[in-house]
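Working notes, beginning with the structure itself.
What you see below is based on every heavy atom in this structure, not just the backbone, and it leaves out hydrogens, waters and symmetry mates. We name chains A, B, ... by the order of the sequence lines, and we start the count at 1 in each one.
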There are 2 protein chains.
Amino acid sequence: MIEPNGHFCNDCVVRGAAVCSSLNATELREFEHLGRRVHFDSGETVFSEEDITTSFYNVLEGVMRLYKLLPDGRRQIVGFALPGDFLGMNISGRHNFSADAIGVVTVCQFAKAPFNRFIEDRPLLLKRINELAIRELSQARDHMVLLGRRSADEKVATFLLGWRERLVARKGLSDTVPLPMSRQDIADYLGLTIETVSRTFTKLERHGVIEIIHGGISLLDPARAEAMAAA
Amino acid sequence: MIEPNGHFCNDCVVRGAAVCSSLNATELREFEHLGRRVHFDSGETVFSEEDITTSFYNVLEGVMRLYKLLPDGRRQIVGFALPGDFLGMNISGRHNFSADAIGVVTVCQFAKAPFNRFIEDRPLLLKRINELAIRELSQARDHMVLLGRRSADEKVATFLLGWRERLVARKGLSDTVPLPMSRQDIADYLGLTIETVSRTFTKLERHGVIEIIHGGISLLDPARAEAMAAA
DNA sequence: ACCCAAATTTGATCTGAGTCAATTGGCTTT
DNA sequence: AAAGCCAATTGACTCAGATCAAATTTGGGT
């Protein structure tokens, strides 16, 4: 669902953190016309793997799950996108993962061709996009280590601390960690089953490391969580 | 070990495939002075995780393993680098993985500062670097699916086919697949143990899918390998 | 060609996480 | 407030892959 363009980049919640932080006031005014705000309801798919890429997306509000499916239905969540994240870049001309809204999401959508044309003579914007890609690549490698070499306990503890850490940048540090995604989402992100995630949460709670609360957890003993995560 | 600069980009084996493919003849002549060829013997470390980044590297010859270690010594290989691959980009100013030579390796080494200065006013080079990063990101996501959601049999079959595929681009299609890396390297790449990798190789051979030969395998039944990989 | 050290394979056993199967708990609808 | 529904939890059992322990093969150096 597209809303009429009654928005301005200057008021944008992610201005400064996002891809557009590399633009000056003049450029921003031109850039403004390229993007339009689009809302998605909980569970809606923003784009699917193998779809031809027609747009890029800048997340403004909400959380998205980014995932790949195997032919038999097994799912691997390759990341969660938060406000400021930029989605849709690829070489093949097709998306290489799918993206769903977890809860209500607002994105700034850019048609591919005009966006690419805009980049053409803005090396600073390209540089910014490159930085974001390199940062993501580093995160992807960290996640490979988690998937390939960590135990279930370590995976869950690492996830909770990492998720909290990501929220710090946007909402400030807090021991209350909202988890908008389902247990199944967490399992598919960590390469575990839903039962193992649930059992591990319960175990962490029994040991006084976390308290399971509605819609998230409360981190009671960050030090012990760190110890579990580090191995 | 550094050799005196008796080389020219125009003769370079990876010219065309590598990062420098985006440069014209004039630029290339200037670029030439930035890089120097460096050789590494088998097993030598080119750079280590957490080292401050002082150089970027363009692989010219040989194979490298790129890996991360956990404090207790567990290792995850995040990729193998082949000629044409560009290494060393990061945001933090420190390498986020280590890189060793597997067999003899030649790289084209660029000091970070002059390279970054050279990029500054060459948006096409930046664009090329960005493309490489985005391609790697896509590969990283594919590998996450493998690590998180595939069985040992699928992992090994997928690895053999994927490795063969990468060699196609450089050496042409062949059913003889050289495997310069050790079984331990393969295990650490696939999130398995060396024993499981070895058993799976043996199993594939027993089923007539591959033949284990000196320094690699021969792919006897690509179709069946594909079937195993796809699940 | 021979020796030693390392890499690989093979075998036996164990276990962490998966699978299968109920419950339980929270929300929404009526 | 009862019923229905889906997500999450819990329990019992299984199994794929890990671990532990030998062989066996390979390769490099003399």
Task: Basic-acidic side-chain contact under 4.0 Å: R75(B), D185(B) - done: yes
TODO: May I ask you to say whether E136(A) pairs ionically with R141(A), meaning some side-chain N is under 4.0 Å from a carboxylate O?
DONE: no
Open item on the list: Is the terminal nitrogen or CZ of R65(B) (NZ for Lys, CZ for Arg) located under 6.0 angstrom from the six-membered ring centre of Y189(B) and within 45° of that ring's axis?
Closed with: no
Whole-Å distance between [N] [atom2] and [X] [atom1]?
X	N	atom1	atom2	answer
I194(A)	dA17(C)	CD1	P	17 Å
K203(A)	dG16(C)	NZ	C1'	10 Å
R183(A)	dT10(D)	CZ	P	10 Å
I212(A)	dG25(C)	CD1	P	13 Å
F201(A)	dT9(D)	CZ	C1'	12 Å
I102(A)	dA7(D)	CD1	P	13 Å

Task: S98(B) and E49(B) side chains, donor-acceptor separation under 3.5 Å - done: no
Task: Check: S218(B)/D175(B) side-chain N/O donor and acceptor closer than 3.5 Å - done: no
Task: salt bridge (charged side-chain N to carboxylate O under 4.0 Å, His left out) between D188(B) and R74(B), intermediate numbers included - done: CA-CA 9 Å; D188(B) 287 347; R74(B) 280 175 291 178; over 6 Å; no
Open item on the list: Quick check on dT10(D): is either OP1 or OP2 less than 4.0 Å from any side-chain nitrogen or oxygen of S198(A)?
Closed with: no
TODO: Would you mind building the protein contact string for nucleotides 12-30 of chain D? One character per nucleotide, 5' to 3', B for base within reach (heavy atoms under 4.0 Å), S for sugar-phosphate only, - for untouched.
DONE: B----SSBB------S---
